[in-house]
Q: 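This is the structure, below, for whatever I ask next.
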Amino acid sequence: MRTAMLRSMLSRRSSRGFSSSAAPERKVVVLGAAGGIGQPLSLLMKLNPLVSTLSLYDIVGTPGVAADVSHINTRSKVTGYAGEDQLGKALEGCDVVIIPAGVPRKPGMTRDDLFNINAGIVKSLSTAIAKYCPHAIVNMISNPVNSTVPIAAEVFKKAGTYDEKKLFGVTTLDVVRAKTFYAGKANVNVAEVNVPVVGGHAGITILPLFSQATPTANFSAEDIKALTKRTQDGGTEVVEAKAGKGSATLSMAYAGALFADACLKGLNGVPDVVECSFVQSTVTELPFFASKVRLGKNGVEEVFGLGSLSDFEKEGLEALKPELKSSIEKGIKFANAN
Ligand SMILES: NC(=O)C1=CN([C@@H]2O[C@H](COP(=O)(O)OP(=O)(O)OC[C@H]3O[C@@H](n4cnc5c(N)ncnc54)[C@H](O)[C@@H]3O)[C@@H](O)[C@H]2O)C=CC1
Ligand SMILES: O=C([O-])CC(=O)C(=O)O
């Protein structure tokens, strides 16, 4: 897609209520900016007129990405930071921290197989966030999200900076997929489709609520089952197609940019910004759970309940709880043991 088209698309989405010059100053950092997700996500954040300072951090490779992206003639000033000694500068004064740092899956792996490497990365980045930008909104992309979000929460609690309204597991790609697959099957305009996706972000913990999808479609139980499975296995579909070269990067960058844009709109006081996200929750007995949340000046303004579920969804909800509970507990245990 041509840059001008993308820019006008993003600015139409983003600037509700603000021209870019009137929008408040906002610093956004991408941690893991030189990676498969990080690079296109940095591009998309550079196109977002709500961003005034774009900070790109990675352990290596960020100067090149930053130099490249910085030539784009949009509002934000771009700076690249490479290596741990520059992490503090990258984070200082940030309003939104987006974290796609960590290893991706290869065929045959589950997201939980990434825990051993990514848990440590997320823990050290969270420690730095608590130190350098304790009030920032955090968008956690690194997998396994079901565990990395609880890890960040524990790190922030220990540092005395935890604000449950500001920590988000990014599950937007599940919603993006559910919308795409539903629209394709129903043969309706995807731009008009809405599908909440709740639970977590791995396999059966991803629970799309097609009974609440709009516009409504008359699908058979078999169709709903197949759409649910395809949504749950969407990540694996990409991992297998990439055959060892990583997992979803482009669709994830799109989803991550959408979610960060929603957070920025919320911060800027745009009303009725609602997205699904994995957050601290009392919607079920689990301490973290993805559901629709309203975003505002303080991050999460309201966590919405699940609404009415079909019998199939009720079964899915009960089935996902043990796995999600154990992934959450694994994260909490790791953060407190190390
Ligand atoms: N939440 C979601 O829906 C999705 C999550 N993911 C996850 O996102 C993560 C990143 O995926 P890719 O970009 O494809 O991987 P990648 O390997 O292409 O990029 C990861 C980047 O993180 C950097 N990195 C490693 N340690 C770091 C540290 N301590 N600080 C800063 N940067 C560090 C690497 O240098 C690399 O540039 C993976 O864990 C993947 O599973 C991927 C797709 C969807
Ligand atoms: O499947 C993976 O490993 C990456 C991911 O989270 C997704 O694409 O949903």
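For this chain, numbers begin at 1 and follow the sequence in order. In listed order, ligands and their atoms are each counted from 1. Keep in mind that this is a model prediction, so the values were computed, not measured. Side chains are part of it too, since the values below use all heavy atoms of this structure and drop only hydrogens, waters and symmetry mates.
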Q: Got a donor-acceptor contact below 3.5 angstrom from the Q212 side chain to the L306 backbone?
A: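 Side chain of Q212 to backbone of L306: a pair is present.
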
Q: Show the atoms of ligand 1 that are less than 4.0 angstrom away from any heavy atom in V145.
A: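 Listed by number with element: 1 (N).
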
Q: May I ask you to say whether E25 pairs ionically with R75, meaning some side-chain N is under 4.0 Å from a carboxylate O?
A: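 Yes.
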
Q: Indicate every side-chain donor-acceptor pair of residues 38-46 with a distance under 3.5 Å to a residue at least two apart or in another chain.
A:
| residue | atom | partner | partner atom | Å |
| --- | --- | --- | --- | --- |
| Q39 | NE2 | A34 | O | 3.1 |
| S42 | OG | G38 | O | 2.6 |
| K46 | NZ | I72 | O | 3.2 |
| K46 | NZ | T74 | O | 3.1 |
| K46 | NZ | T74 | OG1 | 2.9 |
| K46 | NZ | S76 | O | 2.7 |

Q: Starting from atom 29 (N) of ligand 1, which protein heavy atom do you reach first, and at what distance in Å?
A: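 The protein heavy atom lying closest is I121 CG2, 3.6 Å.
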
Q: Which is closest to atom 30 (N) of ligand 1 in terms of heavy atoms, Y81, Y57, F259?
A: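 Of the listed residues, Y57 has the closest heavy atom.
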
Q: Is any side-chain heavy atom of F219 less than 4.5 Å from a side-chain heavy atom of Y182?
A: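 With C-beta onward as the side chain, the pair touches.
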
Q: Looking at V176 and T180, what are the two nearest heavy atoms and their distance?
A: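 Result for this residue pair: O-OG1, 2.8 Å.
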
Q: Using salt bridge (charged side-chain N to carboxylate O under 4.0 Å, His left out) as the criterion, list what pairs up with K325, not counting sequence neighbours.
A: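 In terms of salt bridge (charged side-chain N to carboxylate O under 4.0 Å, His left out), with neighbours along the sequence ignored, K325 is linked to E329.
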
Q: Counting heavy atoms only, which of G102, A33, G32 comes nearest to atom 20 (C) of ligand 1?
A: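 Comparing heavy atoms across G102, A33, G32, the nearest one to atom 20 (C) of ligand 1 lies in G102.
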
Q: Does the side chain of S247 reach to within under 4.5 Å of the side chain of K242, using non-hydrogen atoms?
A: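 The answer is no; the side chains never approach within 4.5 Å.
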
Q: Which residue and non-hydrogen atom of the protein lie closest to atom 44 (C) of ligand 1, and at what distance in Å?
A: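 Sorting protein heavy atoms by distance from atom 44 (C) of ligand 1 puts M252 SD, 3.2 Å first.
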
Q: Starting from atom 11 (O) of ligand 1, what is the nearest protein heavy atom, named by residue and atom, and what distance separates them?
A: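 Going by distance alone, atom 11 (O) of ligand 1 is nearest to I37 CD1, 3.4 Å.
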
Q: If we count only N and O atoms by modelled type, under 3.5 Å, do the side chains of S327 and D112 hold a donor and an acceptor together?
A: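 No pair is found: no donor N or O on one side chain lies under 3.5 Å from an acceptor on the other.
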
Q: Is there at least one pair of N or O atoms, one from P104 and one from ligand 1, spaced under 3.5 Å apart?
A: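 No, since none of the N or O atoms of P104 sits under 3.5 Å from an N or O of ligand 1.
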
Q: Give the numbers and elements of all ligand 1 atoms closer than 4.0 Å to a heavy atom of G36.
A: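 Selected atoms, number and element: 13 (O), 16 (P), 18 (O), 19 (O).
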
Q: Could you check whether Q280 and Y162, counting side-chain N and O atoms only, form a donor-acceptor pair closer than 3.5 Å?
A: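 There is such a pair (donor and acceptor under 3.5 Å, judged by atom type) between the side chains of Y162 and Q280.
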
Q: Under 3.5 Å, is there a donor on one side chain and an acceptor on the other for D174 and H201?
A: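 Yes, side-chain donor-acceptor contact under 3.5 Å.
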
Q: Nearest heavy atom to atom 1 (N) of ligand 1 wins, so pick from I141, L41, I59.
A: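 Among I141, L41, I59, the closest heavy atom to atom 1 (N) of ligand 1 belongs to I141.
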
Q: May I ask you to say whether D95 pairs ionically with R26, meaning some side-chain N is under 4.0 Å from a carboxylate O?
A: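 Looking at R26 together with D95, the answer is yes, because their closest N to O distance falls below 4.0 Å.
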
Q: Measure the distances from the heavy atoms of A34 to every atom of ligand 1 and state whether one is below 4.0 angstrom.
A: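 Judged by the 4.0 Å heavy-atom criterion, A34 does count as contacting ligand 1.
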
Q: Which is closest to atom 24 (N) of ligand 1 by heavy-atom distance: L87, N118, D58?
A: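 Nearest option to atom 24 (N) of ligand 1, by heavy atoms: D58.
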
Q: Check K185 with D223, please: is the shortest side-chain N to carboxylate O separation under 4.0 Å?
A: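 K185 and D223: salt-bridged.
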
Q: Could you list each nitrogen or oxygen of ligand 2 that sits under 3.5 Å from a protein nitrogen or oxygen, with the atom names and the distance?
A:
| residue | atom | partner | partner atom | Å |
| --- | --- | --- | --- | --- |
| ligand 2 | 1 (O) | R105 | NE | 3.4 |
| ligand 2 | 1 (O) | R105 | NH2 | 2.6 |
| ligand 2 | 1 (O) | R111 | NH2 | 3.2 |
| ligand 2 | 3 (O) | R105 | NE | 2.6 |
| ligand 2 | 6 (O) | R111 | NE | 2.9 |
| ligand 2 | 6 (O) | R111 | NH2 | 3.4 |
| ligand 2 | 6 (O) | N143 | ND2 | 2.8 |
| ligand 2 | 6 (O) | H201 | NE2 | 2.6 |
| ligand 2 | 8 (O) | R177 | NH1 | 3.4 |
| ligand 2 | 8 (O) | R177 | NH2 | 2.8 |
| ligand 2 | 9 (O) | R111 | NH2 | 2.9 |
| ligand 2 | 9 (O) | R177 | NH1 | 2.8 |
| ligand 2 | 9 (O) | H201 | NE2 | 3.2 |

Q: Hey, is R105 one of the residues with a heavy atom under 4.0 angstrom from ligand 1?
A: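 No heavy atom of R105 comes that close to ligand 1.
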
Q: Could you see which bit of L114 sits under 4.0 Å from ligand 1, with heavy atoms only: side chain, backbone, both or neither?
A: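 Under 4.0 Å from ligand 1, L114 contributes side-chain atoms alone.
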
Q: Starting from atom 14 (O) of ligand 1, locate the nearest protein heavy atom and write down its residue, its atom name and how far away it is, to 0.1 Å.
A: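 Checked against all protein heavy atoms, atom 14 (O) of ligand 1 sits closest to T249 CG2, 3.5 Å.
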
Q: For atom 19 (O) of ligand 1, find the nearest protein heavy atom and state the residue, atom name and distance (0.1 Å precision).
A: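 It is G35 CA, 3.2 Å.
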
Q: Less than 4.0 Å between a side-chain N and a carboxylate O, is that true for K292 and E275?
A: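 Between K292 and E275 there is no salt bridge, as every charged N stays at least 4.0 Å from the carboxylate O atoms.
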
Q: Quick test: of every protein heavy atom, which one is nearest to atom 3 (O) of ligand 1, and how far off is it to 0.1 Å?
A: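 Of the protein heavy atoms, H201 NE2, 3.0 Å lies nearest.
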
Q: Donor-acceptor pair, N118 side chain versus V103 backbone, under 3.5 Å?
A: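 Such a contact is found between N118 side chain and V103 backbone.
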
Q: Could you tell me whether the side chain of E313 and the main chain of S310 form a donor-acceptor pair under 3.5 Å?
A: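 Side chain of E313 to backbone of S310, a donor-acceptor pair under 3.5 Å: yes, one is there.
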
Q: Run the numbers for me: atoms of ligand 1, each under 4.0 Å from some heavy atom of A248, listed by number.
A: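 Matching atoms, with element in brackets: 42 (C), 43 (C).
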
Q: What residues form a salt bridge (charged side-chain N to carboxylate O under 4.0 Å, His left out) with E318, not counting sequence neighbours?
A: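 Result, salt bridge (charged side-chain N to carboxylate O under 4.0 Å, His left out) vs E318: K321.
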
Q: Where is the nearest protein heavy atom to atom 39 (O) of ligand 1: which residue, which atom, and how far?
A: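 Of every protein heavy atom, V103 O, 2.9 Å lies nearest to atom 39 (O) of ligand 1.
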
Q: Counting only heavy atoms closer than 4.0 Å, does ligand 1 sit against the backbone of N143, its side chain, both, or neither?
A: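 For N143, backbone and side-chain atoms both sit under 4.0 Å from ligand 1.
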
Q: Considering only non-hydrogen protein atoms, determine which one is nearest to atom 33 (C) of ligand 1 and report residue, atom name and distance to 0.1 Å.
A: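 Ranked first by proximity to atom 33 (C) of ligand 1 is A101 CB, 3.6 Å.
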
